[in-house]
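Keep in mind the model is a prediction, meaning the values are calculated, not measured. Each ligand, and each atom within it, is numbered from 1 in the order the structure gives. For this chain, numbers begin at 1 and follow the sequence in order.
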Amino acid sequence: MIVIGGGLAGLSSAVALAEAGHRVRLLEKRPHLGGRAASYLLPGGEHVDNCQHVTLGCCTNLEDFYRRVGAADKIRFFGRLLFADPQGRRGTMEAGALPAPLHMAASFALFPLLGWADKFAIARALLAIARSGGRPKDISNDAGGVTMLAWLRRHGQTDGAIRRFWEVILVSALDEQLDRIDARYGIDVFWKGFLSTRGGYRVGIPCVPLGELYDGCKEAIRQRGGEVLLRAGVRGFQVAGNQVTGVEREDGSLETADYYISAVSQDILPGLLPADVTQREPIFSNLRNLRTSPITGVHLWFDRKVMSEPFLTLLDSTTQWVFNKTELNGETQLSDDGGVNDGTAAAAQGQYLQLVISASYDLVPRSRQEIIEQCINELRGVLPEIRSAKLVKGTVVKETSATFSPAPGSDQWRPTQKSPLPGLFLAGDWTFTGWPSTMEGAVRSGYLAAQAILSEIGQPQKFLQPDLPAEGLSRIWASKS
Ligand SMILES: Cc1cc2nc3c(=O)[nH]c(=O)nc-3n(C[C@H](O)[C@H](O)[C@H](O)COP(=O)(O)OP(=O)(O)OC[C@H]3O[C@@H](n4cnc5c(N)ncnc54)[C@H](O)[C@@H]3O)c2cc1C
């Protein structure tokens, strides 16, 4: 078997096929694994992620994949979510003693950064989602879906509720603005993450550079006689009639296999196929209808400790998340309630923060210097120590096509993992998984592609993990809907 692309989709399909006993050759164009969820060395010697990546408790397949490759203990889960507004006021959301979907009701009621009118409106809309088992009847129309913003307006949400609650969670989870999100995706985030179970919302953060999470993949593939080749870009597929007969590498060599999985992104795949195939098969030409949206990561190194929390979510700011990388990657003991017990030697010398801004359309044309200045200005109110700290170094990484946009109707352009060409299977967060463009979606696609091949050769095996089962009242409502 040949897998093209060493992102999470390619890696998870390759590991699954290897576990099923097959010899897999994985061809990755870049010098490192991980694709859009990767890390690399800066000229100064720091090992940084292209952008902070987080997972949630409800991402059951990503968790399964990390377990298979021995990386599960490198993810630290936090049950306490900390929010801050530009004046520096803090608010917390976390699960209390009540069963789902009421587990966060107490901290929500006490949350100081929302008004009562906002809270009542939010509670009504959340109840509508929970009582429908995550499938409200009013989320589709003939044109292929309503936007999240339209759904929220229909459910009487105040401006404050939209700006300080729905937008804060959904823009980061789906990397898109509310008026461009299919309500089905937005509602799914709340159902799976916050309402159906008590643990779905817990935020998982790698405590090593992303690249280290994939070390076990190479071993899993090698154990079955396969191999992972880096700097091994593929120029194109060879197709005879309708059958894929080989892949041509960028160095001109030809590789052949019984089955091929393409795990490159949707904008690259059509260019790897002969033009007559993409013209003949609409599933390939239609991929251009999947739009993408940007994410901007801002990396800041200060000369002293400026932040004590492991991470913060900001309201009413351009900056959406601030990650305290020194503490998250260091040896400091982080307590489960999100507090930091002690400063490390590294923190005493300085601190590295990583800021994330999703759907960052406005930042794309702006200079890196302008972006850094704007973010630091915002942080001064939230982290007052920054006022007296010196910025030692700053860098901005703009990923202009970070994820595909979950626009209303976008599901119609997402093909299943079995392609119309015999021998060719597709993986990638953009293939049809039911999930948005996330690490979880990528792993689901990889497992589904591996399952499709194994079924075709008469050795069916299941890798796809089920969602967390709904609990408490949510379970009763889900079974009735
Ligand atoms: C800045 C940013 C922040 C994000 N934050 C999060 C987050 O917090 N949580 C989350 O769940 N998701 C997040 N995502 C989304 C997540 O990273 C992606 O959904 C996921 O990594 C996609 O994996 P993939 O394998 O489908 O595609 P990719 O990661 O794009 O993998 C495709 C691979 O194919 C390789 N390739 C391309 N062309 C060729 C060729 N010709 N020959 C051989 N190889 C080739 C590429 O080099 C790449 O390694 C983020 C994405 C970005 C960009």
Determine, for Tyr361 and Arg180, whether the Lys NZ or Arg CZ falls below 6.0 Å from the six-membered ring centre while staying within 45 degrees of the axis. yes
Cation-aromatic face contact Arg90/Phe111, 6.0 Å, 45 degrees: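 No - Arg90 does not lie over the ring of Phe111 by the 6.0 Å and 45° rule.
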Just which atoms of ligand 1 are under 4.0 Å from any heavy atom in Ile268?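 Per the distance check, 37 (C), 38 (N).
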Does this structure show an ion pair linking [X] with [Y], if we count only N-O contacts that are shorter than 4.0 Å?
| X | Y | value |
| --- | --- | --- |
| Asp64 | Arg68 | yes |
| Asp182 | Arg184 | no |
| Glu250 | Arg235 | no |
| Glu212 | Lys74 | no |
| Arg23 | Glu227 | no |

Would you mind telling me if ligand 1 is within reach of the side chain of Ile295, the backbone, both or neither, using heavy atoms under 4.0 Å? side chain
Part of Leu27 within contact of ligand 1 (heavy atoms, under 4.0 Å):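 The answer is the backbone of Leu27.
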Given His32, Arg444, Glu399, Met439, identify the one with the heavy atom nearest to atom 11 (O) of ligand 1. Met439
Checking the N or O distance criterion of under 3.5 Å, is ligand 1 in contact with Lys29? yes
I'd like to know if [X] contacts ligand 1, where contact means a heavy-atom distance under 4.0 Å to any ligand atom.
| X | value |
| --- | --- |
| Ser437 | yes |
| Leu8 | yes |
| Ala263 | yes |

Which heavy atom of the protein is the closest neighbour of atom 31 (O) of ligand 1, given with residue, atom name and distance? Gly7 CA, 3.5 Å
